[in-house]
Amino acid sequence: MEERARQLLLLAAVAGAGAAFGALSATAVFNFISRSKRREGYVRNLLESNGGTGGSVGSGARMVDRSNLLSDEVVAEQLTRNIQFFGVESQKKVTESFVVVIGLGGVGSHAASMLLRSGVGRLLLVDFDQVSLSSLNRHAVATRDDVGTPKASCLKKHFSLIYPECQIEARVQLYDPSAEDEILSGQPDFVLDCIDNIDTKVSLLAACVRRGLRVLSAMGAGARADPTRIRVADLSESINDPLSRSVRHRLKKDHGIEGGIPVVFSLEKPKAKLLPFQGTKEEETPSDYQIVPGFRVRIIPVLGTIPAIFGQVMASYVVTQLAKFDFQTEPIVNLDVDHYRVLHHRLLEHEELIYGSAEQVLVVLLPF
């Protein structure tokens with residue numbers, strides 16, 4: 001009987017503790033929701049008292065002190081997570097920076113978008129091309145309503161609604177040597193090369209090296225599928241990428257440049273080739289479809305996620321460089337065939353020493 005009474009008392013105590021814990025949990029959740037609602041109300045009031053919830057395209061939005069954007073309440077609140085990550089002084093370096101993005105397709109649009117969202121204070125966006133329906137699988141902000149409009153203008157329109165305090169200049173223009181002074185003047189803190197044409201790419205990279213400008217270049221993002229193989233390294237270390245190989249050759253041959261340019265590239269070999277040219281008439285040639293002489297007409301298949309990740313990687317690299325936030329990139333292991341033969345031989349010796357036989361070492365050295 002006494003044992004039964006003790007069990008009932010224990011059950012009552014447990015039930016009481018559970019009820020108390022439940023009450024405390026409910027109170028905590030209620031307090032969290034209340035704080036969130038108060039915070040939401042504060043932010044809403046802050047936006048409304050400072051000229052609305054977003055920018056107005058072409059209106060210049062609110063008047064702010066561009067020499068110290070973080071002193072503005074709205075800007076500081078919008079960038080609060082970056083400030084918490086970098087610290088005020090480092091984030092200030094980002095908001096005071098000027099970045100040029102050339103090429104605003106799948107890679108460039110995502111890079112520019114995250115530079116904007118990270119608080120870069122001034123952006124120059126350059127591209128001669130227009131938004132196409134088929135580019136919506138990889139573009140950062142374009143919608144169907146933007147099809148047929150210049151990519152540079154499209155980005156400026158959308159960016160003005162996200163971070164209207166940023167100074168954005170959009171140029172519907174092809175970069176070539178004649179445009180160098182116009183586009184690269186003003187001492188930009190960084191230049192992003194997101195061009196997929198070799199001639200233009202080489203010309204831009206050589207100009208940046210000659211001018212002493214920091215530049216980050218995107219290599220081939222088309223026909224890839226594996227996001228874990230994307231790397232940042234010096235151009236001289238990039239492998240398995242036909243575009244990197246061509247750019248290296250041209251820079252060395254035409255400009256005597258053998259390295260010193262950071263690039264974003266994939267270690268993955270392309271999974272598809274350029275699609276064959278198909279004209280609407282039998283007598284047509286690829287040159288009949290070129291918007292600009294020398295630009296590729298044949299299409300390379302693109303999984304939209306990969307150029308988006310390339311752009312995100314570029315933005316992350318540039319923002320951390322601007323903020324002087326150091327981190328170590330993963331080294332590129334690029335062994336020649338002799339190194340692989342040595343490693344293979346050591347593996348065989350190890351297996352024989354431990355197991356008495358190396359027969360089950362299934363390694364095949366393929367010709368390079």
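Count residues from 1 along the sequence.
- Under the rule for a side-chain contact (heavy atoms from CB on, under 4.5 Å), the partners of L136 that lie at least two apart in sequence or sit in another chain are V131, L133, A142, R144, V147.
- Contact check on D181 versus R211 returns a salt bridge, with a Lys/Arg side-chain nitrogen under 4.0 Å from an Asp/Glu carboxylate oxygen.
- Counting only heavy atoms from C-beta outward, the side chains of I183 and L204 never approach each other to under 4.5 Å.
- Considering all non-hydrogen atoms of both residues, S118 and V319 come closest at CB-CG2, 3.7 Å.
- Between the CG atom of L213 and the CG atom of L205 there is a distance of 11.5 Å, given to the nearest 0.5 Å.
- Among pairs with a residue in residues 218-227, those fulfilling salt bridge (Lys or Arg N to Asp or Glu O under 4.0 Å) read R224-D241, at least two apart in sequence or across chains.
- Between the side chain of D189 and the backbone N or O of V99, no donor-acceptor pair lies under 3.5 Å.
- Within the 4.5 Å cutoff, no side-chain heavy atoms of V94 are placed close to those of L79.
- Checking side-chain atoms of R229 against main-chain N and O of L267 turns up a donor-acceptor pair under 3.5 Å.
- In this structure, L216 and Y317 approach most closely via the heavy-atom pair CD2-CD2, 3.7 Å.
- The minimum heavy-atom distance between Y163 and V120, with the atom names listed, is CE2-O, 3.6 Å.
- In this structure, the side chains of L125 and F159 come closer than 4.5 Å at one or more pairs of heavy atoms.
- Rounding to the nearest 0.5 angstrom, the gap separating the CE atom in M63 from the CG atom in D72 is 11.5 Å.
- In terms of heavy atoms, L322 sits closest to S97 at CD1-OG, 3.5 Å.
- Sorted by first and then second residue, the salt bridge (Lys or Arg N to Asp or Glu O under 4.0 Å) pairs involving residues 78-105 (not counting sequence neighbours) form an empty list.
- Of the inter-residue distances, the one linking Y175 atom OH with N197 atom CG reads 12.5 Å to the nearest 0.5 angstrom.
- Using modelled atom types, no side-chain atom of S316 and backbone atom of Q312 make a donor-acceptor pair closer than 3.5 Å.
- The two residues C194 and V101 have their closest heavy-atom pair at SG-CG1, 4.3 Å.
- In this structure, the separation between CG on L104 and CG on D127 is 4.5 Å, given to the nearest 0.5 Å.
- Judged as a side-chain contact (heavy atoms from CB on, under 4.5 Å), and not counting sequence neighbours, the contacts of A111 are L192, M314.
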Check: Could you walk me through whether I198 and L243 pass the side-chain contact (heavy atoms from CB on, under 4.5 Å) check?
Finding: CA-CA 8 Å; I198 294 177; L243 181 58; 3.6 Å; yes
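- The CG atom of L70 sits 5.0 Å away from atom CD1 of I83, with the distance rounded to the nearest 0.5 Å.
- Put simply, the side chain of N82 never gets that close to the backbone of F85: no donor and acceptor are under 3.5 Å apart.
- We find that E237 and R231 are not joined by a salt bridge, their nearest charged nitrogen and carboxylate oxygen being 4.0 Å or further apart.
- Looking at D145 and T143, their side chains never bring a donor and an acceptor atom within 3.5 Å of each other.
- You'll find the side chain of M219 stays beyond 4.5 Å of the side chain of R245, heavy atoms only.
- Hydrophobic clustering, with ILVMFWY side chains joined whenever heavy atoms are under 4.5 angstrom apart, keeps L347 apart from Y355.
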Open item on the list: Under the criterion side-chain hydrogen bond (donor to acceptor under 3.5 Å, both in side chains), I'd like the reasoning laid out for Q78 against E165: C-alpha separation, chi angles, the key distance, then a yes or no.
Closed with: CA-CA 11 Å; Q78 183 169 336; E165 293 78 18; 5.9 Å; no
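- Annotation: side chain of V302 is in contact with side chain of P307 (closest heavy-atom distance under 4.5 Å).
- Within the 3.5 Å criterion, the main-chain N or O of N68 finds a donor-acceptor partner in the side chain of S71.
- Applying the side-chain contact (heavy atoms from CB on, under 4.5 Å) rule to A308 yields the partners H110; only residues at least two apart in sequence or on another chain are considered.
- Under the 4.5 Å side-chain criterion, counting only non-hydrogen atoms from C-beta, H158 is not in contact with S113.
- Atom OG in S90 sits 9.0 Å away from atom NZ in K324 (nearest 0.5 Å).
- Under a 3.5 Å cut-off, the side chain of E330 and the backbone N or O of V232 do not form any donor-acceptor pair.
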side-chain contact (heavy atoms from CB on, under 4.5 Å) assessment of S109 paired with K151: CA-CA 9 Å; S109 65; K151 291 178 179 178; over 6 Å; no
The test is side-chain contact (heavy atoms from CB on, under 4.5 Å); show your working for H139 and L155 and say whether it passes.
CA-CA 10 Å; H139 200 277; L155 285 184; 3.7 Å; yes
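- When all heavy atoms of S236 and R248 are compared, the closest pair comes out as CA-CD, 3.9 Å.
- In the hydrophobic clustering of ILVMFWY residues, with side-chain heavy atoms under 4.5 Å counting as a link, V172 and L123 come out apart.
- No single ILVMFWY cluster, assembled from side-chain heavy atoms under 4.5 Å apart, contains both V107 and M114.
- Heavy atoms of other residues, nucleotides or ligands lying less than 6.0 angstrom from CZ of R117 number 12 at most.
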I'd like to know whether K156 forms a side-chain contact (heavy atoms from CB on, under 4.5 Å) with S160, so could you lay out the CA-CA distance, the side-chain angles of the two residues, the decisive distance to 0.1 Å, and finally the verdict. CA-CA 6 Å; K156 182 174 181 178; S160 297; 4.2 Å; yes
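- Looking only at distances, a side-chain donor or acceptor of D234 sits under 3.5 Å from a matching main-chain atom of I261.
- T149 places a side-chain N or O within donor-acceptor distance of the main-chain N or O of D146, the cut-off being under 3.5 Å.
- No donor-acceptor pair closer than 3.5 Å links the side chain of N240 to the backbone N or O of K269.
- Checked against salt bridge (Lys or Arg N to Asp or Glu O under 4.0 Å), E268 has the following partners two or more places apart in sequence or in another chain: K271.
- Counting only distance, with no hydrogens or angles, the side chain of R138 and the backbone of S134 share a donor-acceptor pair below 3.5 Å.
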